[in-house]
Each structure stands twice: as structure tokens, then as C-alpha cells.
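Notes to accompany the following structure.
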Amino acid sequence: MPTVRYFEDADGSIPVFDYIDSLDQAGRGAEAAGMLSDIDLLAAIGMPGAQQRGWSFSRLIDPELRIWELRPGNHRIAYAAIAGDLVLLHAWRKQTQKLDARALRRAQRNYWRAVDRIGQ
């Protein structure tokens, strides 16, 4: 089973951890706990495949790079398989029905940075 890792930026910040921590600091601990619960679920079952078809906790958002999103409530966490691990790339709050293009671009940028650092 692959390990779930948090992407770390060059300046040492960890975007997904920082996002979850900001929710907790803002008194939204239940939302932060929901996100951590989905991360635990991802760690337990790994990448979505045929056995998870139809599950709503995760969906593919970039077919080319194979970036997926976890969907805890109205929050999203982008992740991808990189060098055998599942790397959490970016987190954001879902505000519309459409995929947030800016959030996807950040996830893609972090994907390429992670590939540069840890390989593919």
C-alpha cells in the first residue's frame, strides 16, 4: 500500500497541512477532522480503482497527470501518485459546481515540483 505524503514547498510550507490547520484555528475543527478522515481513508484503500467505482470520496480532475481530488464536504484536496506514494498537493474550499481552475493549476504546479524533487 502506498504511503500518503504531504507536498512540501521549497520554502518549507506544506499547503494541505496549512489549509487544514487554518480551519482548525478558525474554530472549524469538525471540517478539519472530516478532511483528516478522508486522508485516512485514502491511506487505507489507496488509489481509486474498479473497486471504488461510484464512490463519492474521490474523483479524477486531471486525466493527463492523473491528479485526483478528495471531496470531504465542501473542501477539496488534490493528490496524485508520485514515485509510489500518494502526494497531497493542494487544498481549497469548493464554492461553485465547476472545478476551480486556479486550484487545479496550483495542484498541477505542485505536482511538477513534487516530481522534480522525489522523482516519478
Could you tell me the separation between the [atom1] atom of [X] and the [atom2] atom of [Y], rounded to the nearest 0.5 Å?
X: Trp112; Y: Ile82; atom1: CH2; atom2: CD1; result: 9.0 Å
X: Ile61; Y: Arg66; atom1: CD1; atom2: CZ; result: 12.0 Å
X: Asp38; Y: Leu88; atom1: CG; atom2: CG; result: 11.0 Å
X: Arg109; Y: Phe7; atom1: CZ; atom2: CZ; result: 7.5 Å
X: Leu86; Y: Ile39; atom1: CG; atom2: CD1; result: 11.5 Å
X: Ser37; Y: Leu70; atom1: OG; atom2: CG; result: 10.5 Å

Would you mind checking if Lys94 and Glu69 are paired as a salt bridge, meaning a charged N to carboxylate O distance below 4.0 Å? no
Going through the distances and angles, do Met35 and Tyr19 end up as a side-chain contact (heavy atoms from CB on, under 4.5 Å)? CA-CA 10 Å; Met35 294 180 79; Tyr19 181 84; 3.7 Å; yes
Heavy-atom pair with the smallest gap, counting every atom of [X] and [Y]:
X: Leu60; Y: Pro63; answer: CD2-CA, 3.9 Å
X: Ala78; Y: Ala107; answer: CB-CB, 3.5 Å
X: Pro15; Y: Asn110; answer: CG-ND2, 4.2 Å
X: Leu89; Y: Val16; answer: C-CG2, 3.9 Å

Atom CZ of Arg113 with >12 non-hydrogen neighbours under 6.0 angstrom: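 Yes, enclosed.
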Could you walk me through whether Ile118 and Arg5 pass the side-chain contact (heavy atoms from CB on, under 4.5 Å) test, one step at a time? CA-CA 11 Å; Ile118 61 179; Arg5 297 173 52 174; 3.4 Å; yes
Taking atom types as modelled and ignoring hydrogens, do the side chains of Asp100 and Gln95 form a donor-acceptor contact shorter than 3.5 angstrom? no
State, with a plain yes or no, whether a side-chain heavy atom of Arg59 is found less than 4.5 Å away from one of Leu99.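 Of all side-chain heavy-atom pairs linking Leu99 with Arg59, at least one is under 4.5 Å.
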Side chain of [X], backbone of [Y]: donor and acceptor closer than 3.5 Å?
X: Asp9; Y: Gly12; value: no
X: Arg76; Y: Gly73; value: yes
X: Arg106; Y: Ala101; value: no
X: Asp85; Y: Val87; value: no

Test side-chain contact (heavy atoms from CB on, under 4.5 Å) on His75 and Leu23; report intermediate values, then the result. CA-CA 11 Å; His75 301 281; Leu23 289 175; 3.8 Å; yes
Within residues 81-101 or reaching into it, pairs that qualify as ring pair (Phe, Tyr, Trp, His ring centres under 6.0 Å) - sequence neighbours excluded: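 Ring pair (Phe, Tyr, Trp, His ring centres under 6.0 Å) check on residues 81-101 returns His90-Trp92.
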Parallel, tilted or perpendicular for Tyr79 and Trp68, by the 30°/60° rule?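 Tyr79 and Trp68: parallel rings.
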I'd like to check the side chain to side chain donor-acceptor pair (under 3.5 Å) partners of Asn74; sequence neighbours left out, ordered by chain and number.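 With sequence neighbours excluded, Asn74 shows a side chain to side chain donor-acceptor pair (under 3.5 Å) to no residue whatsoever.
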